[in-house]
Amino acid sequence: MILLISMFVAFGVFFIIILGFLAWKSSQSFDLYYRMRRYNFRPTAKRAETAEDLIVKGYQFLQKVSKPLVERNFAQSLEYRMKRAGLPLLGGEYIVLNLIGMLLAGILVWFITLNYIFAGGAILLVPVIFWAMVLMLSNRRLGAFTEQLGTSLLTISNALRAGYSFQQTIEVISNEMEPPIGEEFSEMYHQIVMGVPLEEVLEDANKRIGSSDFELAVTAVLIQREVGGNLAQILDNISDTINERIRMRREIESVTAQGRMSAIVLLGLPFAAGVGMFTLSHDSFMILFEEDIGRMAMVAAVIFEIIGYFVIMKIVDIEV
């Protein structure tokens with residue numbers, strides 16, 4: 001019980017701070033102009049520091065500490081994942097943030113429990129929770145991007161018929177569409193303005209977004225630029241295909257909703273039952289922790305719970 005309370009308090013305080021910081025940063029633009037603007041900022045007059053100033057200083061400290069990691073290959077490989085999640089962090093900054101979180105969580109749990117095992121568990125749990133949050137944000141943002149992609153391709157094809165160039169249609173999407181697709185096309189447009197070839201811009205966007213639907217559109221545009229053809233008609237066909245795939249995904253989600261809910265109930269029910277047994281029959285429940293056979297049963301139960309969860313999720317995960 002002490003472990004549960006201490007872990008809840010420690011991670012509650014820590015993640016409130018981290019989520020508040022990320023929420024503030026995500027509200028800012030992630031383009032090159034904003035990142036360069038921070039280095040040219042000079043206050044015109046002295047004033048009392050606010051919470052926003054402290055957050056900015058904290059982020060600047062994070063940038064300085066992470067500088068040795070920024071150019072590393074493993075840190076650069078994380079940058080696309082951060083962009084897919086919509087987080088204004090570089091790969092090195094994410095690694096340093098994990099290390100800081102592990103250190104704070106370990107120290108806080110140790111001060112509360114005075115137990116090195118609990119502190120070690122807290123340290124190991126921090127990167128797992130961080131990565132789970134990144135994956136959740138990535139999947140949510142990718143789903144929102146795919147929902148907007150069909151309409152965006154239709155807008156591009158109509159603009160091409162009206163006489164716009166393809167580069168101009170990218171600017172139209174960046175100005176007219178809501179995030180996340182508006183943000184992605186805005187970054188593409190800024191790269192084009194800076195002189196990056198269109199082929200490289202599209203390939204970089206494809207790696208950054210990680211959408212199979214967008215990859216289809218990028219491939220079509222690159223082929224059309226080499227061999228020619230009616231790009232507007234091609235994009236119309238791709239838009240119809242994407243919209244049909246979205247409709248099929250929604251039908252599959254509605255059909256498999258019961259299976260996904262079963263997996264969630266399967267994973268959460270033993271913990272709820274454990275809390276009830278701990279409250280109503282404390283002595284009987286503690287046998288699971290005090291006796292060897294009880295600890296073995298708990299380990300086996302956890303293993304089978306995880307296996308059952310992944311088996312169910314694999315069954316209901318139908319590729320379209």
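Values below: every heavy atom of this structure, side chains too, minus hydrogens, waters and symmetry copies. It should be emphasised that the depicted structure is a prediction, and the values quoted were computed from it without experimental measurement.
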Task: Any donor-acceptor pair under 3.5 Å from Q148 side chain to M177 backbone - done: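 No, because the side chain of Q148 does not come within donor-acceptor range (under 3.5 Å) of the backbone of M177.
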TODO: Supply the atom-to-atom distance I192 CD1 to Q168 CD, rounded to the nearest 0.5 angstrom.
DONE: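 Here the rounded value is 11.0 Å.
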- Item | Under 3.5 Å donor-acceptor, E93 side chain and L90 backbone | yes
Heavy-atom nearest pair, G259 first then V316, reads CA-CG1, 4.0 Å
| request: Using the test salt bridge (Lys or Arg N to Asp or Glu O under 4.0 Å), find all partners of D283 that sit at least two apart in sequence or belong to another chain. | output: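 For D283, no residue satisfies salt bridge (Lys or Arg N to Asp or Glu O under 4.0 Å) once neighbours in sequence are set aside.
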List the atom of Q167, the atom of Y189, and the distance in Å for their closest heavy-atom pair.
->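 Looking at all heavy atoms of both residues, the closest pair is O-CD1, 4.3 Å.
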**Asked** In terms of hydrophobic clustering (I, L, V, M, F, W, Y; side-chain heavy atoms under 4.5 Å; direct or indirect links), are I181 and V218 co-clustered?
**Response**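 Linked, I181 and V218 end up in one cluster.
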Would you be so kind as to tabulate the donor-acceptor pairs closer than 3.5 Å made by side chains of residues 285-292, with sequence neighbours excluded?
{"from": "D292", "atom 1": "OD1", "to": "R295", "atom 2": "NH2", "distance (Å)": "2.4"}

Check your understanding: Is it true that a side-chain atom of S186 and a backbone atom of G182 form a donor plus acceptor pair closer than 3.5 Å?
Key ->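 Answer holds: no.
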Notebook entry, point to check: When clusters are formed by joining ILVMFWY residues with side-chain heavy atoms under 4.5 Å apart, either directly or through shared neighbours, do L216 and L153 land in the same one?
Noted result: yes
* Asked: Which heavy-atom pair separates S211 from L142 by the least distance, and what is that distance?
  ->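 Where S211 meets L142 most closely, the heavy atoms are CB-CD1, 3.5 Å.
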Atom of I242, atom of G150 and distance for their closest heavy-atom approach: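 Shortest heavy-atom contact: CG2-N, 4.2 Å.
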Side chain to side chain donor-acceptor pair (under 3.5 Å) with R260: which residues, sequence neighbours excluded?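 R260 satisfies side chain to side chain donor-acceptor pair (under 3.5 Å) with T256 only.
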Does the side chain of I234 reach to within under 4.5 Å of the side chain of N230, using non-hydrogen atoms? no
In this structure, CG of L149 is separated from CD1 of I238 (nearest 0.5 Å) by 9.0 Å
Q. Side chains of L103 and L99: does their closest heavy-atom pair fall under 4.5 Å?
A. no
ILVMFWY network linking I170 to V172, side-chain heavy atoms under 4.5 angstrom |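 No, it is not one cluster - the side chains of I170 and V172 are not joined through contacts under 4.5 Å.
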message = Would you compute the distance between atom CD1 of I107 and atom CD1 of I112 and round it to the nearest 0.5 angstrom?
response =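 With rounding to 0.5 Å, CD1 (I107) is 12.0 Å from CD1 (I112).
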Inset, instruction - Taking all heavy atoms of L160 and all of S165, pick out the closest pair and write down the distance. - result: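 Scanning both residues, the minimum pair turns out to be CD2-C, 4.0 Å.
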Practice task
Spell out, yes or no, whether L198 and L231 are grouped together once hydrophobic residues are joined by side-chain heavy atoms under 4.5 Å, including indirect joins.
Solution key: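 In one cluster with L198: L231, yes.
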Q.
Tell me whether S174 contacts the main-chain N or O of E171 through its side chain, where contact means a donor paired with an acceptor under 3.5 Å.
A. yes
Salt bridge or not for E184 and R141, using N-O below 4.0 Å?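 Salt bridge present between E184 and R141.
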Next on the checklist: Quick test of your reading: applying ring pair (Phe, Tyr, Trp, His ring centres under 6.0 Å), list the pairs with at least one residue in residues 197-251, sequence neighbours left out, ordered by first then second residue.
Outcome noted: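 Qualifying pairs, neighbours excluded: F145-F214.
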Of all heavy-atom pairs linking I246 and T146, the shortest is CD1-O, 3.3 Å
Backbone of D236 reached by a side-chain donor or acceptor of S157 within 3.5 Å:
no
Checklist entry - Is the shortest heavy-atom distance from the side chain of R245 to the side chain of D213 under 4.5 Å? => result yes
Contacts satisfying ring pair (Phe, Tyr, Trp, His ring centres under 6.0 Å) that involve residues 156-185 (not counting sequence neighbours) are none
query: In the single-linkage hydrophobic clustering (I, L, V, M, F, W, Y; side-chain heavy atoms under 4.5 Å), do I306 and V311 co-cluster?
result: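 Shared cluster, no.
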Quiz prompt | Partner set under salt bridge (Lys or Arg N to Asp or Glu O under 4.0 Å) for R84, not counting sequence neighbours | solution =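 For R84 there are no salt bridge (Lys or Arg N to Asp or Glu O under 4.0 Å) partners, ignoring immediate neighbours.
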Which residues pass the side chain to side chain donor-acceptor pair (under 3.5 Å) test with Q191, not counting sequence neighbours?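 Only D204 meet the side chain to side chain donor-acceptor pair (under 3.5 Å) criterion with Q191.
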Distance-only donor-acceptor pairs under 3.5 Å for side chains of residues 263-280, two or more places apart:
{"from": "T279", "atom 1": "OG1", "to": "V275", "atom 2": "O", "distance (Å)": "2.9"}

For E203, the salt bridge (Lys or Arg N to Asp or Glu O under 4.0 Å) test, sequence neighbours excluded, returns none
Applying salt bridge (Lys or Arg N to Asp or Glu O under 4.0 Å), name anything that partners E199, two or more places apart in sequence or on another chain.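 E199: salt bridge (Lys or Arg N to Asp or Glu O under 4.0 Å) contacts with R225.
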Is a donor on one side and an acceptor on the other found under 3.5 Å between the side chain of T113 and the backbone of V109? yes
query: When rounded to the nearest 0.5 angstrom, what distance separates CG in L202 from OG1 in T219?
result: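 Atom-to-atom, L202:CG and T219:OG1 are 10.0 Å apart.
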*asked:* Nearest 0.5 Å, please: how far is CG in N158 from OG1 in T155?
replied: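 Between atom OG1 of T155 and atom CG of N158 there are 6.5 Å.
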Side chain to side chain donor-acceptor pair (under 3.5 Å) partners for S254, two or more places apart |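 Here no residue qualifies.
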Side-chain touch E79/R208, heavy atoms, less than 4.5 angstrom: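 Result no, sub-4.5 Å side-chain heavy-atom pair not found.
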Distance-only check: which donor-acceptor pairs under 3.5 Å involve side-chain atoms of residues 116-138, not counting sequence neighbours?
{"from": "S138", "atom 1": "OG", "to": "V134", "atom 2": "O", "distance (Å)": "2.8"}

The reported gap from CG in N206 to CE in M188 (rounded to nearest 0.5 angstrom) is 10.0 Å
Are E244 and R247 ion-paired here, with the side-chain N under 4.0 Å from a carboxylate O? yes
